[in-house]
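Below you'll find the structure, written out as structure tokens, and then a few comments.
Reckoned from all heavy atoms, side chains included, excluding hydrogens, waters and symmetry mates. For the single chain, residues carry numbers from 1 onward in sequence order. Order of listing sets the numbers, starting from 1, for every ligand and every atom in it.
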Amino acid sequence: MRHPRLEHFLDIDSTPVSELGALLDLGLEVLAAPERYRGACRDQLMVNLFYEPSTRTRVSFEIAALHLGMQVVNVAASGSSVAKGESLRDTYATLQAMGPQVIVLRHPENDVHHSLLDLTPPGAHLVNAGDGSRAHPSQALLDVLTIRRHFDDLSAISVLVAGDLHHSRVTRSGVALLKKLGVGELRLASPAGLGAGDRVAKNARVFDDLDRAIEGVDVVMMLRVQRERLAGVEVPGDAAYHRAWGLTPERLARARPGAIVMHPGPMNRGVEIAPEVADGPQSVILEQVRNGVYLRMAILLALLAGD
Ligand code: NCD
């Protein structure tokens with residue numbers, strides 16, 4: 001296996017497909033034998049800088065780094081000088097001055113990471129843990145790694161992503177990665193007003209009805225409605241949304257037998273997904289979480305290789 005090498009990991013579009021493939025292979029290798037990588041990045045320092053709430057992404061980057069023997073510092077914008085009016089650039093430059101090898105940044109605005117590269121010293125690495133509604137590349141990789149564990153040949157499967165696509169950086173990065181890797185068929189389904197936009201939709205078959213969209217698919221990925229970001233979009237209340245767009249056992253029965261159910265989290269049970277489905281035998285939701293640690297170990301290994 002060729003070891004992937006990255007200077008930064010900012011989005012799927014700016015990462016060569018050869019490195020994306022090598023990252024997935026390394027993620028699978030780490031998953032098979034995590035003990036081989038224990039302490040591989042000893043004495044390196046990672047800072048998690050999060051301007052938005054996070055459970056899975058922040059904690060799994062932290063656990064990944066700890067497994068590799070790194071030291072980790074967590075900075076939540078709400079408890080930092082950001083609350084005193086410090087700009088992102090000043091906060092970022094301040095943290096860089098303390099000499100971490102890796103900064104993992106989540107931010108509510110689109111495309112902030114590229115604009116910080118001029119403040120990133122040689123030998124320091126920047127990772128995108130989600131920006132606005134634009135990109136969430138480590139989530140895309142862990143999702144594809146999870147799919148690969150269940151289906152050998154991506155070109156032979158059909159993947160449906162359903163729910164609030166409009167606000168979803170998971171969808172944008174996921175679609176970009178699945179396309180780059182040559183997935184067989186990609187379907188997108190969303191309520192009116194929550195579509196992904198033309199740039200994403202041109203890569204997929206687009207549906208406005210979940211019952212039709214789910215017919216015969218191998219993978220169903222459900223997304224929550226990002227109510228905290230809805231600006232002027234009318235979305236039905238929770239019960240009505242569940243009736244029209246919830247993944248129920250009856251709807252799931254229309255997918256291919258053996259289809260897997262995914263969700264990047266956080267879930268709103270009883271809204272976009274029925275509890276019986278979330279906890280049912282076809283759900284791989286907690287597997288996604290577990291794989292996120294291994295995949296993020298692979299990303300850190302690729303950044304720090306050769307340093
Ligand atoms: C998502 C995110 O923050 O983009 N969660 C995650 O990182 N696993 C999706 C969401 O907030 O709904």
Side-chain angles (χ1 to χ4, degrees), residues 9-13 27 48-65 74 76-78 104-113 127-147 160-178 188-191 193-197 200 219-231 233 235 238 241-242 245-247 260-273 278 283-297 299:
F9 186 51
L10 304 190
D11 45 44
I12 298 298
D13 293 338
N48 267 328
L49 174 57
F50 276 60
Y51 281 74
E52 278 187 1
S54 171
T55 301
R56 280 148 284 268
T57 306
R58 191 194 62 71
V59 176
S60 64
F61 266 113
E62 180 168 2
I63 291 178
N74 288 295
S78 55
V104 177
L105 171 65
R106 167 171 289 191
H107 199 277
E109 279 165 43
N110 284 358
D111 217 3
V112 293
H113 294 75
V127 178
N128 184 358
D131 64 308
S133 58
R134 194 189 74 93
H136 194 347
S138 64
Q139 180 74 41
L141 278 173
L142 78 87
D143 288 342
V144 170
L145 183 135
T146 304
I147 294 172
L160 165 66
V161 186
D164 176 358
L165 308 176
H166 182 70
H167 298 100
S168 178
R169 52 194 175 211
V170 174
T171 300
R172 293 199 173 78
S173 283
V175 167
L177 182 59
L178 284 164
L188 297 175
S190 64
L194 295 180
V200 181
V219 176
V220 187
M221 172 158 347
M222 298 306 295
L223 302 169
R224 81 184 168 98
V225 178
Q226 301 195 17
R227 291 198 185 272
E228 75 276 22
R229 296 188 210 264
L230 295 178
V233 186
V235 178
D238 289 353
Y241 188 91
H242 189 63
W245 284 96
L247 184 58
I260 59 170
V261 174
M262 305 177 70
H263 194 308
M267 276 189 282
N268 289 145
R269 286 169 179 262
V271 185
E272 77 276 9
I273 190 163
S283 167
V284 299
I285 294 169
L286 291 177
E287 226 177 282
Q288 287 173 268
V289 175
R290 202 171 315 117
N291 292 341
V293 173
Y294 301 126
L295 190 276
R296 289 176 173 125
M297 286 170 74
I299 292 173

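Closer than 4.0 angstrom to ligand 1 lie heavy atoms from Thr57, Arg106, His136, Gln139, Arg169, Val170, Arg224, Gln226, Pro264, Gly265, Pro266.
Residues Pro266 and Arg56 form a side-chain contact, since some pair of their non-hydrogen atoms from C-beta on lies under 4.5 Å apart. Proximity of Leu230 to Leu194: side-chain heavy atoms (C-beta onward) are separated by under 4.5 Å at one or more points.
With a 6.0 Å cutoff to the six-membered ring centre and a 45° limit on the axis angle, Arg296 counts as a cation-pi contact of Phe61.
No hydrogens or angles considered: nothing links the side chains of Asn48 and Glu62 as a donor-acceptor pair under 3.5 Å. No hydrogens or angles considered: nothing links the side chains of His263 and Arg224 as a donor-acceptor pair under 3.5 Å.
Asp11 meets the side-chain contact (heavy atoms from CB on, under 4.5 Å) test with Asp13, Ser14, His114, Arg134, Ala135; sequence neighbours excluded.
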